[in-house]
Colleague: 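The structure that follows is given in the form of structure tokens.
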Amino acid sequence: MSELKVYNSYSREKEIFKPITPGHVGMYVCGPTVSGESHLGHARPYITFDVIYRYLTHLGYKVRYVRNITDAGHFEEEGRAAEDKISKKAILEKLEPMELVQKYTNLYHWAMAQFNTIPPSIEPTATGHITEQITMIQKIIDAGYAYEVNGSVYFDVKKYAEGHDYGKLSGRIIDDLLETTRTLEGQEEKRDRADFALWKAAPPEHIMHWPSPWGEGFPGWHIECSAMSNKYLGEQFDIHGGGMDLLFPHHESEIAQSTICNGKNPARYWIHNNMITINGKKMGKSYNNVIKLTELFSGDNPVLEKAYHPMVIRFFILQTHYHSTLDFSNEALQAAEKGLRRLWEAYENLGKLEIPDNTTAGDKELDEKVKKLVNEFDEFMNDDFNTAKVLANMFELAPVINSLKDKIIPISALSQDTFNLLKEKFGLYIEDILGLKSVSAADNDKLKGVMELLIEIRKEAKGRKDFATSDRIRNQLSAMGISLKDEKGGGMSWTVEAS
RNA sequence: GGUACCGUGGCCGAGUGGCUAGGCAGAGCUCUGCAAAAGCUCCUACAGCAGUUCGAAUCUGCUCGGUACCUCCA
């Protein structure tokens, strides 16, 4: 079997994956800032890294998956910042900071569960690790790479760049960074415009602040990930992941901080997923084109033609390699919806098939083809987690499976070994590694009983050519979102559309 | 402006220099009381120009177009 190769953003090359400690993998993924509702953009990294986590686990690694919650910082409740400053009443009505954070954390967890992502091993919060961050900042100050001004602490990028390669990860040229003409608010305190905050003094009206050696304030954005990854995964760990937009300045700064504190790049492999775009534009606050996950699932957004099932989103994302941009459109999602349904039906059909013992391949060519398609699953995943190719092979297998089920191809065309391999790997991949689930709604026993009754009545009606009755049953059910299909050989199957 | 990346058939999207990716849509056929589903078949593209090569979607250069990052961002 081929070795796992991953594209390392740091070296810009595909590298063979070798963990620091054999048999173990430490993976840190930048989590969301919970100052607002999770949106479609959040779906991409967490589904991508969920599959990576699942695959590494499948390979036999014991993976410690750490994904943080950014719940500290200078955020305010959406759309209320301005009035808060002038209205005492608004201040009274405002949610407690932690109440706000809890609300959006809960929503995020709920959405991640909808996507069938496995919760991380550790999910540390920034507010829960203030002391660790302060300790780290102090270490950087002591090392001479940070300075304090008016209760805020900044990282001295210019000094760091003298002896280190600041900008390597993101392909930045340090001189350009130092000379950028862009002017931003509140930068007078910095010695150099490329410097970034490790600690910010909090103005009195600020909603979140903690005591520190430099006064009341809150941690800078980059330090939390360094502090928490260090705490739970050590000075150097295997994989650091996140969205491509975090390359600079976030991950670049993390490398700088950790290098000063621990003398090394914190991660061996930097993995970044690309962005989701809408009509060719990145989805983001600044573009005002954000689709919240709750809206996506309910269809309640002007750009959405309908609601989309979380599994459709998951499938849609996995149909593209994680390193490519993924353009969102109703057309593309609806295509994904149909594709997933077809694939899943084939999978269910496969589950119902049985093969007699000691069958030898009656159709050698087909047998070989099936074997090849199945074995390529591993190869494709080993090639930088190419889920798109795995799915393509599954689609190639679908007609074979359906033909076996309809007896267009006799089951004896395949050898017992090949059939078992197909059954085992298809299930392993589609459910355990890709993490897909059925989109059709609830199986419950009472409904099943009712359906069996209706099917029996319809069969009887058809038997006496009472098509008015048989069509009435099918049509009425269809109107309720239950589709009945006549199968070859007189059987009937039914599926309930997800509401 | 600087730095990266990208430009694939109606749409979405894989892609290792030579061999039909795949999905959705569309057309035809088979099956079927009808329908749906399923199966089979068809639809063979790689922004433009030049170059390297026996051979390029894949390498090089230029042109055009697009996106991202440089600011909070997944």
Colleague: When you look at A:Y154 and A:F196, which way does the ring-ring contact (aromatic ring centres under 6.0 Å, His included) test go after all the steps?
Modeller: CA-CA 5 Å; A:Y154 297 97; A:F196 56 87; 9.2 Å; no
Colleague: What does nucleotides 36-46 of chain B look like as a protein-contact string, B for base, S for sugar-phosphate only, - for none, at under 4.0 angstrom between heavy atoms?
Modeller: BSSSS------
Colleague: Roughly how many Å is it from NE2 in A:H323 to P in B:A4, rounded to a whole number?
Modeller: 15 Å
Colleague: Starting at CG of A:L169 and ending at P of B:C69, how long is that distance when rounded to a whole Å?
Modeller: 15 Å
Colleague: Are there more than 12 heavy atoms of other residues, nucleotides or ligands under 6.0 Å from atom NZ of A:K168?
Modeller: yes
Colleague: Which of these passes side chain to side chain contact (heavy atoms under 4.5 Å, CB included) with A:E368: A:E365, A:K371, A:K372?
Modeller: A:K371
Colleague: Whole angstrom is fine here: how far is it from CH2 in A:W270 over to C1' in B:A74?
Modeller: 15 Å
Colleague: Between atom CG in A:D471 and atom C1' in B:U32, what is the gap in whole Å?
Modeller: 12 Å
Colleague: How many Å lie between CZ on A:F377 and P on B:G22, as a whole number?
Modeller: 15 Å
Colleague: Who are the ring pair (Phe, Tyr, Trp, His ring centres under 6.0 Å) partners of A:F395, not counting sequence neighbours?
Modeller: none
Colleague: Once ring pair (Phe, Tyr, Trp, His ring centres under 6.0 Å) is applied, do any residues pair with A:Y46, and if so which ones, sequence neighbours excluded?
Modeller: A:Y108
Colleague: Find out whether the Lys NZ or Arg CZ of A:K306 is both under 6.0 angstrom from the six-membered ring centre of A:Y308 and within 45° of the ring's axis.
Modeller: yes
Colleague: Would you please confirm or rule out a distance under 4.0 Å between OP1 or OP2 of B:G15 and any side-chain N or O of A:K389?
Modeller: no
Colleague: Nearest 0.5 angstrom please: A:R458 CZ to A:R472 CZ, how far?
Modeller: 13.5 Å
Colleague: Across the strands shown, which category fits A:R458 at heavy-atom distances under 4.0 angstrom: base, sugar-phosphate, nothing?
Modeller: base
Colleague: Under 4.0 Å between a side-chain N or O of A:K462 and OP1 or OP2 of B:G33?
Modeller: no
Colleague: Any luck finding a side-chain donor-acceptor pair between A:D384 and A:Y322 under 3.5 Å?
Modeller: yes
Colleague: Going by centres under 5.5 angstrom and planes under 30 degrees, do the aromatic ring of A:Y46 and the base ring of B:A74 stack?
Modeller: no
Colleague: Who are the ring pair (Phe, Tyr, Trp, His ring centres under 6.0 Å) partners of A:H323, not counting sequence neighbours?
Modeller: A:Y7
Colleague: Does anything in residues 6-14 of chain A come within less than 4.0 Å of RNA chain B? Heavy atoms only, and list the residues if so.
Modeller: none
Colleague: In dot-bracket, 5' to 3', how would RNA chain B read with Watson-Crick or G-U wobble pairs under 3.5 Å, [ ] for crossing ones and | for pairs to another strand?
Modeller: (((((((..(((.....[...))).(((((.......)))))....(((((..]....))))))))))))....
Colleague: Give the rounded distance in Å between these two atoms: CG of A:L340 and C1' of B:C24.
Modeller: 13 Å
Colleague: Measuring to OP1 and OP2 of B:G15, would you say a side-chain N or O of A:N386 lies under 4.0 angstrom away?
Modeller: yes
Colleague: Does B:A14 have OP1 or OP2 sitting under 4.0 Å from an N or O in the side chain of A:S324?
Modeller: yes
Colleague: Can you say whether a donor on the side chain of A:R193 sits under 3.5 Å from an acceptor on the base of B:C70, or the other way round?
Modeller: no
Colleague: Just how far, in rounded Å, is P of B:G13 from OH of A:Y322?
Modeller: 18 Å
